[in-house]
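Scroll down for the structure; my scribbles are underneath it.
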2 protein chains.
Amino acid sequence: MTQNLRSMVERLKAVSHPLRLRVLALLGSGELCVCQVAEVLQVPQSSVSEALRELRRAGFVNERKEGRWVFVSVVSHPNTSQLLQGILAEAMALVEMQQDRERVADVKTLGIPAVCCKVEKAAKAEAAHV
Amino acid sequence: MTQNLRSMVERLKAVSHPLRLRVLALLGSGELCVCQVAEVLQVPQSSVSEALRELRRAGFVNERKEGRWVFVSVVSHPNTSQLLQGILAEAMALVEMQQDRERVADVKTLGIPAVCCKVEKAAKAEAAHV
DNA sequence: TAGATACATCGGAAATTATCGAAATATCAA
DNA sequence: TTGATATTTCGATAATTTCCGATGTATCTA
């Protein structure tokens, strides 16, 4: 709101990208840490990190550090512009996003250590195909 | 609505561009012909034409041919998605757009011939700096 | 018909963006 | 401290986008 043309275009560019829009829609269901996002979307961590950087620059997501982990979420609704609300609502309604949400549910029930910590993740994977 | 990720990204890309967003916001105030848009924004006709092509592909604007002129307008509101409404509302509120709207008022009162037809336009320009 | 003109498309060089492995940074745990 | 690890930043190529003059197309008028 009350911004200029350039900044509005930058904000729109931030979501004009498949991965970045997927990440935003994913966070629409609640806070996640970076490795959870990478796990759900099955993309390199560096790509997720860069996507989040752009979404942060656009003012769409917040970050919260907790030790080694960085938790990201959509900015709180009082400050949310009508623009973000419209984009988020429509993105979350996409068919592709429902699959992502299913994977989020799994990842959340497993918990962060099983998803993000290498050793526990490896152990879980091993147990999966005995 | 009820679209896929790819098409939503394409629609967002269509407005992630200064000229295209300006054109959309301009049409938010009402129908104009292509040459009026070019005159108001002071950009080459080919650029306006290309901008409108993208906005049309994205489903944001309609066209209506009348002889040599092509009139363009924002798609009618019943079919308008929440996404377009949010983008249009925010774009029309930008400071840059108020200046554009002032120029639109001038252009509309002059009428299409004085703005678009080369001979009348030249006569008007000549009269302006006698 | 011929000329004028509103608009669309084309060409193609310049600028921007995407992508992801590799290296850097920061935090934990032993 | 040393090693492990979650995340960010860097590098560098590939792909895409931007931009506008030149050309093409369709419609008007004389």
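Computation of the quantities below employed the complete heavy-atom set of this structure, encompassing side-chain atoms and omitting hydrogens, waters and symmetry-equivalent molecules. Lettering follows sequence order; numbering is per chain, from 1.
If you take CH2 of B:Trp69 and C1' of D:dA26, they are 14 Å apart, rounded to a whole angstrom. Atoms CG (B:Leu19) and C1' (D:dT17) sit 14 Å apart, rounded to a whole Å. Per the geometry, CD belonging to B:Glu10 stands 11 Å off C1' belonging to D:dT16, to the nearest Å. The separation between B:Lys65 atom NZ and D:dA26 atom P is 9 Å, rounded to whole Å. One can place CZ of A:Arg68 at 6 Å from P of D:dA6, the figure rounded to the nearest angstrom. Per the geometry, CD belonging to B:Glu66 stands 10 Å off P belonging to D:dC28, to the nearest Å.
In 5' to 3' order, the nucleotides of DNA chain C bounding all contacts with chain A (an atom under 4.0 Å from a heavy atom) are C:dT17 to C:dC28.
Between B:Arg20 and the phosphate of D:dT18, there is a side-chain N or O to OP1/OP2 separation shorter than 4.0 Å.
Pairing each heavy atom of A:Ala91 with each of A:Leu21, the nearest pair is CB-CD1, 3.9 Å. Contact detail for B:Val61 and B:Leu52: the closest heavy-atom pair is CG2-O, 4.2 Å.
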- Step by step, work out the side-chain contact (heavy atoms from CB on, under 4.5 Å) result for A:Asn4 and B:Leu94. CA-CA 6 Å; A:Asn4 60 11; B:Leu94 298 175; 5.7 Å; no
### Worked check of side-chain contact (heavy atoms from CB on, under 4.5 Å) between A:Glu10 and A:Lys13
CA-CA 5 Å; A:Glu10 290 309 310; A:Lys13 272 189 193 173; 3.9 Å; yes
Next item on the list: Any chance you could lay out the side-chain contact (heavy atoms from CB on, under 4.5 Å) test for A:Arg20 and A:Val15, step after step, and finish with the verdict?
Entry: CA-CA 6 Å; A:Arg20 293 197 294 260; A:Val15 289; 5.8 Å; no
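Between the side chain of A:Arg22 and the backbone N or O of B:Leu5 there is no donor-acceptor pair closer than 3.5 Å.
The stretch residues 24-60 of chain A touches DNA chain C through A:Ser46, A:Ser47, A:Glu50, each having a heavy atom within less than 4.0 Å of the strand.
A:Glu96 has its side chain out of reach of B:Arg6: every pair of non-hydrogen atoms, C-beta onward, lies at least 4.5 Å apart. At a threshold of 4.5 Å between non-hydrogen side-chain atoms, the residues A:Val72 and A:Glu63 count as touching.
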